[in-house]
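In what follows, a single structure is set out as structure tokens and then discussed.
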Amino acid sequence: MLFLHAVEQGLIYGLMALGVYLSFRVLSFPDLSVDGTLPLGAAVAALLVLRGFSPYVALLGAFGAGLVAGAFTGALATRLRIPGLLAGVLTMIMLYSLNLRIMGRPNLSLLGRPSALLRLATTLAVPKGYEVLVTSGIFAGGALLLLLLFLFTELGGAMRAVGQNPDMVRTLGIAPENLVVLGLALANGLVALSGAFVAQYSGFADVGMGIGTIVAGLASVMIGELLLRPRGICTHLVAVMVGSVGYRLAISLALRYGATLGFTASDLRLLTALVVLGALAAPVIRAALRGEEA
Amino acid sequence: MLEVQEVTKTFALGAERVVALADVTLALGEGEVATVIGSNGAGKTTLLNVIAGVCRPDRGRVVLAGWDITRWPVHKRAHLIGRVFQDPLRGTAAGMTVLENLALASRKGRRGLWPLVHRHRRQSLYAAVAQLGMGLEKRLQEKVAHLSGGERQALTVLMATLTRPKLLLLDEHTAALDPANAEKVVRITEELVRENRITTIMVTHRMDQAIAVGERLVMMHKGRVVLDLGAGEKRRLQVEDLVALFRSLGVSDDALLLVRNGSGCKGDGDLGHLLASRQPTSTARP
Ligand SMILES: Nc1ncnc2c1ncn2[C@@H]1O[C@H](COP(=O)(O)OP(=O)(O)OP(=O)(O)O)[C@@H](O)[C@H]1O
Ligand SMILES: [Mg+2]
């Protein structure tokens, strides 16, 4: 049970991790707006479902809202030349207020409302008990595949090049700024989509649900890289998904058995941040142990 | 093909003003290859930056293939201009494969949702890379980060010429390479440029290279073109001539001094005459 739920959550949050991978790794853009776009997706999806729209439409709406939010961060960074970190933080803060406005109050309950995950399971007649596992796998796998295909198109290739060498992209006749805007839009679209699934999965949207999203996303990316040591794009995307599942598993285990070690649920964010900190510091520590300058 | 007309560019460094280009006029015919020499700070890179659109001139015009491109942004001119920098890291995306880099260059400016590496395009890219004679065609799937500086720079030159731009700008593009690799990359550059008849400006600090490559030689000093030799004059030029010329410029700001003190430069008369009588019009060639 614990394992099953962790995998389901890993797949659902995996969409968010893919978005974080796209901005941090592909574009080399440290986008912090995801803490705001995850609840944005949840808020938009919840609102649409409560207004009577189909849960699929709610997913699309959330994705669209994420696109706009990401493009906004990109525009701040490229058009107004605001440093990337700050651009993301500004968007995140604005989204906090905006999300409250969208929902009308701090949280919305979706209990008893249709969910895309369950509806698809009914359509496909998935065996009982595995509905969400199968459908979240389908959605996550589908998104992963689309992203993979995209990264091997001319446009996606140019986007990968932007993260490594914007000068080169410019000499190749493409304005890197536009690619950054588009890339951040896609990344946040994925994060918002993930937020929509989270809302439908957990039965509510909450304005505070986004706190720490970026750290969880980075932890997933890094755990995946640690586990699979990916070299190509394809293995990298799979690694992100695996990392996301691994991260949720670790969290569930920590929550379940942490109490005996003296942890409580409130220590979770501290632990997550320590995991990311460890992964970031690993190269420096390893070099120091070998007696080199980092 | 290329006309740089009375271009002036000054930089404000605090209260100080640096005149990087002072009324520079230069014209290159189609397929013409010019080498540009000049001491540090002469304005060579600034000239290329103005042509490529990285910086806008204070005054003057840049006309390429009949277009007045003075105000075009960099990425818009990129269809007309290929550029290679001194740093081999600057021209390629390290984390992408050789093939992907080439494919990006071959799809210059296009960014659709077609596959980046198309099966039927692979063949032509393979042939282009094989032509370099560096064995890179066997390493198409390798990441560019694994290539040596020379291999990377050869690849960059190929990428810059792949779509047959009207103009190729090379800024000391072999300066970071060892002599053998520099030699190779220059040879490759000459071949690609000749084969595709690309008008080329090559900045170099190596006098022998400046003389050996191309049919024009331009010397810059303190933001001005102080020497502009055509094929005929260039053929008779020796390295010592250039060294002496530099020395004379170093002694005094006034290029005309060379004629008066005749500072032991071979072919003195010729060059001295050229320096002294340089008029903007005499440098403008079709
Ligand atoms: N972006 C800039 N801001 C301020 N000054 C600049 C800038 N670019 C160039 N300069 C100045 O303009 C002058 C010409 O520089 P430029 O780089 O064109 O010289 P160069 O001929 O390429 O020299 P080198 O042989 O060292 O590469 C120098 O005095 C330089 O300091
Ligand atoms: Mg220079």
Side-chain angles (χ1 to χ4, degrees), chain A residues 21-29 67 74 78-79 81 145-186 189 221 225 229-237 239-240, chain B residues 48-49 52-54 72-85 87-97 99-118 121 141-146 152 155-156 159-163 165 167-169 171:
Chain A
Y21 168 76
L22 186 57
S23 51
F24 270 74
R25 286 284 190 265
V26 176
L27 291 172
S28 308
F29 188 106
L67 285 181
T78 59
R79 303 279 169 243
R81 311 249 168 104
L145 195 66
L146 285 179
L147 183 59
L148 183 65
L149 288 176
F150 171 73
L151 287 175
F152 283 101
T153 61
E154 290 163 4
L155 187 59
M159 203 174 275
R160 279 189 284 150
V162 162
Q164 300 171 22
N165 195 343
D167 274 349
M168 162 190 158
V169 172
R170 199 174 278 115
T171 52
L172 290 183
I174 303 172
E177 294 80 12
N178 297 345
L179 287 173
V180 169
V181 172
L182 180 67
L184 288 179
L186 279 179
V221 170
E225 286 170 347
R229 307 215 160 266
R231 281 160 169 261
I233 299 286
C234 184
T235 41
H236 219 136
L237 291 184
V240 169
Chain B
L48 297 198
N49 279 341
V54 176
W72 289 19
V74 179
H75 63 90
K76 193 173 165 198
R77 310 179 191 214
H79 302 271
L80 302 172
I81 300 176
R83 193 166 188 194
V84 182
F85 300 95
D87 181 359
L89 305 183
R90 248 181 111 172
T92 43
M96 297 173 76
T97 65
L99 190 59
E100 285 174 332
N101 271 278
L102 280 165
L104 273 178
S106 75
R107 304 300 292 158
K108 205 169 193 175
R110 258 181 263 171
R111 30 177 206 272
L113 290 176
W114 297 105
L116 176 60
V117 181
H118 219 281
R121 225 181 291 136
Q141 296 301 345
E142 240 176 278
K143 284 192 179 163
V144 167
H146 300 160
R152 240 176 126 154
L155 180 65
T156 309
M159 284 167 60
T161 53
L162 210 50
T163 51
L167 179 69
L168 180 63
L169 303 174
D171 197 350

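Quantities reported herein were computed from a predicted structural model and do not represent experimental measurements. Reminder, nothing fancy here: chain letters follow the sequence lines and each chain counts from 1.
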Backbone N/O of B:T92 and side chain of A:N165: donor-acceptor pair under 3.5 Å
yes
I need the residue from A:Q164, A:R170, A:R231 with the largest number of non-hydrogen atom pairs under 4.5 Å to chain B.
A:Q164
Spacing of A:M159 atom CE and A:L184 atom CG [to the nearest 0.5 Å]:
8.5 Å
Taking the basic N atoms (NZ, or NE/NH1/NH2) and the acidic carboxylate oxygens, is any pair closer than 4.0 Å for B:K143 and B:E100?
no
Considering only heavy atoms, which portion of B:L89 lies under 4.5 Å from any heavy atom of chain A: side chain, backbone, both, or neither?
backbone
Are there over 12 heavy-atom neighbours, none belonging to A:R81, within less than 6.0 Å of that residue's CZ?
no
Quick one: of B:R77, B:K76, B:R83, B:M96, who has the most non-hydrogen atom pairs under 4.5 Å with chain A?
B:M96
If you count heavy-atom pairs within less than 4.5 Å of chain B, which of A:L155, A:L151, A:T171 leads?
A:L155
